[in-house]
2 protein chains.
Amino acid sequence: MVTLAEVAQHAGVSASTVSYVLSGKRSISATTRQRVERSIRELGYHPNAGARALASSRSNIIALMVPLRTDIYVPVMMEIAIAVATTARTHGYDVLLLTGEEGPDAVRRVAGSGLADGMILMDVELDDERLPLLRESAQPAVLIGLPADTGGLTCVDLDFRATGALCVEHLAGLGHRDVAVIGEAPAVYERHTGFAERTLDGLRSRARETGVRLLHRPCEGGYDATAATVSRILDERPDTTGFVVQNEAAVEPLLALLRQQGRAVPEDVSVVAVCPEQVAVQASVRLTSVSLPAQEMGRHAVEQLVAKLDGRGDAEVVLLPPALTVRASSGPAPVR
Amino acid sequence: MVTLAEVAQHAGVSASTVSYVLSGKRSISATTRQRVERSIRELGYHPNAGARALASSRSNIIALMVPLRTDIYVPVMMEIAIAVATTARTHGYDVLLLTGEEGPDAVRRVAGSGLADGMILMDVELDDERLPLLRESAQPAVLIGLPADTGGLTCVDLDFRATGALCVEHLAGLGHRDVAVIGEAPAVYERHTGFAERTLDGLRSRARETGVRLLHRPCEGGYDATAATVSRILDERPDTTGFVVQNEAAVEPLLALLRQQGRAVPEDVSVVAVCPEQVAVQASVRLTSVSLPAQEMGRHAVEQLVAKLDGRGDAEVVLLPPALTVRASSGPAPVR
DNA sequence: CCAGACAATCGAAGCGCTTCGACTCGCCGG
DNA sequence: CCGGCGAGTCGAAGCGCTTCGATTGTCTGG
């Protein structure tokens with residue numbers, strides 16, 4: 001293991017000079033810099049992370065807390081995680097992967113040990129138990145998702161209210177009067193995950209404004225559960241011609257069921273999904289959808305956090321504007 | 001930020017004593033231990049990770065390299081990653097998330113900087129460019145997946161040869177004589193990802209032994225590509241009554257197509273999938289499948305690595321035995 | 001009753017890096 | 001010709017922890 005001191009000796013300079021070459025915090029003559037850089041290369045020197053962290057009290061690590069549940073929004077989570085990791089690297093940070101399992105303790109551990117310089121929390125609930133800790137520990141953090149009280153916190157999320165509104169608007173614009181929402185699993189609402197409720201808010205308020213009749217039903221996802229939900233919806237509102245789906249696991253089952261019942265998409269029934277682009281494109285019908293900009297969220301979160309760590313205080317809440325892409329699953333409401 | 005020294009002072013002992021209480025590397029009297037532990041609690045002490053790493057040259061961090069591609073086996077990857085993270089925690093390790101993006105450089109960086117004590121590589125290719133580095137740097141590592149040359153490396157993987165064999169065996173046992181394999185995307189085979197080729201090996205050799213006629217076709221996944229692949233297969237071998245699918249993105253399309261063509265599953269056609277359990281259960285037909293034991297692989301990988309780090313040298317290659325679960329998609333071959 | 005063994009504790013020497021103050025030049029303006 | 005300045009470099013003092021003797025008692029067996 002090559003050390004700074006060895007590089008210094010090899011280059012014929014002092015250790016501090018090498019350090020300044022590395023950090024650029026003081027001016028170094030061109031010749032010295034080159035000599036040092038050459039030694040670094042020749043010896044294959046890599047600064048020791050621990051020593052660096054100790055001396056500078058900066059670990060150059062960002063902690064990312066992902067939810068433990070592997071049953072839900074997996075691709076989205078993964079995409080965010082990967083976006084976080086790659087974006088972090090471009091800013092010179094590495095990413096520490098924490099699972100939700102440890103819960104609040106993880107916050108304590110990371111903040112206390114100086115393992116990471118800051119953290120990004122995913123899957124934030126409206127009344128998340130990690131938040132008080134975050135506030136009191138003054139740990140630089142960015143949330144992906146929106147809690148009930150955002151005071152003093154930096155958050156990044158898709159604007160789900162606007163997303164909901166956009167879906168209804170699209171269907172209303174096509175003449176649909178009865179729209180059903182196939183929502184997330186009941187557990188998601190019970191946990192008060194913010195995005196689900198905000199979407200619903202947006203759906204409802206725009207429905208009110210446009211005179212659309214809205215029916216919302218949570219749905220577990222999977223074929224059987226979706227079948228039950230859909231048949232219940234069609235019993236209650238036989239005139240339903242528009243569906244909004246916010247549950248990846250219900251998308252394909254829904255399409256299969258509609259086909260099976262002889263309802264053509266989009267001639268008889270229109271479907272709008274809130275899902276990652278990939279899902280919308282790969283479905284059996286190319287879906288009109290509002291995409292979940294997972295990558296962008298991950299990237300934004302890191303950039304907000306890095307800004308904080310650099311002392312550039314920044315915006316508190318960033319809501320990414322939703323974009324609806326019209327594909328093959330929505331069209332004018334059938335004339336009756 | 002509370003330090004060891006402050007805890008020592010508060011407890012009226014020396015710093016080294018506190019350290020030994022924490023590490024348990026020397027015997028400490030019960031009374032002293034309790035006093036120290038009390039001080040730790042009262043002061044809310046957390047050891048500083050950097051200092052610890054520097055002094056002990058152990059970071060207690062495991063690096064996990066996940067593939068950058070977000071288009072393939074995402075749920076499996078995620079499940080493995082989460083299993084790695086949680087298992088690592090139970091052994092006192094944290095997990096650093098590296099994306100494939102950096103490629104071999106990441107290995108150099110991590111090995112050189114002492115950022116992590118060891119690493120786990122996912123999505124290993126037959127002739128992976130990270131392997132030479134791994135060998136020369138003597139970095140403790142575990143691969144998930146099997147390269148061509150496993151010499152000096154520790155690997156964990158599902159036994160894909162046996163998996164392939166098992167699938168054929170199951171179908172052969174049910175009387176199927178013509179079996180088609182819908183494989184991974186061509187790119188996967190071109191990259192020489194080991195598991196795809198090994199599965200194929202297993203399929204073929206058992207087909208030979210059981211006298212089954214086997215047709216293998218790579219498939220991109222998605223509806224259109226799968227449709228093309230299936231119709232080609234049925235043109236070439238109209239008597240095909242058994243399908244083996246090893247591409248999650250082709251599973252649902254395949255089932256839809258079969259339905260559409262009026263081929264009943266499992267009465268007319270049997271389908272066996274190689275996929276995560278969740279996919280098999282949530283499909284429109286509950287699939288007979290060999291599951292990808294993602295969690296188990298993650299857990300095993302960590303345990304192998306921890307063993308290495310503890311100086312307990314261990315087995316070189318661990319192949320997890322496949323298990324086929326019979327569900328609703330396979331049955332006796334139709335009588336002609 | 002003493003040598004030797006053992007348990008419990010302390011002190012000090014680092015681990016490899018960053019950073020601050022100080023020092024040495026060469027150069028400029030007065 | 002001298003004081004002062006900035007660029008470039010060095011030395012040394014830590015950062016908070018682990019770990020290796022060394023030290024002090026306390027027991028034990030002979």
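Each chain gets a letter, A, B and so on, in the order the sequences are listed, and its residues count up from 1.
Side-chain polar atoms of A:Ser19 and A:Ser16 form no donor-acceptor pair below 3.5 angstrom. A side-chain donor-acceptor contact under 3.5 Å links B:Ser29 and B:Thr32.
Looking at A:Leu305 and A:Pro140, their side chains come closer than 4.5 Å, going by heavy atoms from C-beta outward. Annotation: side chain of A:Asn48 is not in contact with side chain of A:Arg52 (no heavy-atom distance under 4.5 Å).
Residue A:Glu6 contributes atom CD, which lies 11 Å from atom C1' of C:dG16 at whole-angstrom precision. Going from atom CG of B:Leu115 over to atom P of C:dC17 covers 13 Å, rounded to whole Å. For the pair B:Leu22 CG and D:dT18 C1', the interatomic distance rounds to 11 Å; values are reported in whole Å. Here the C1' atom of nucleotide C:dC17 and the CG atom of A:Asn60 are 13 Å apart, to the nearest Å.
For the pair A:Arg198 and A:Asp159, the salt-bridge criterion is not met [side-chain N within less than 4.0 Å of a carboxylate O]. Under a 4.0 Å N-O distance rule, the pair B:Arg109/B:Glu102 qualifies as a salt bridge. A salt bridge is absent between A:Asp123 and A:Arg130: the closest approach of a Lys/Arg side-chain nitrogen to an acidic carboxylate oxygen does not fall below 4.0 angstrom. By the 4.0 Å N-to-carboxylate-O rule, B:Glu37 lies too far from B:Arg41 to be salt-bridged with it.
Non-hydrogen atoms lying under 4.0 Å from DNA chain D are contributed by B:Tyr45, B:Pro47, B:Asn48, all within residues 40-48 of chain B.
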(request) Spell out protein contact along nucleotides 5-15 of chain D as letters: B when the base is contacted, S when just the sugar-phosphate is, - when no protein heavy atom is under 4.0 Å; keep the 5' to 3' order. (result) --SSBBB--BB

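Taking only side-chain nitrogens and oxygens, A:Lys25 comes nearer than 4.0 Å to OP1 or OP2 of C:dT19.
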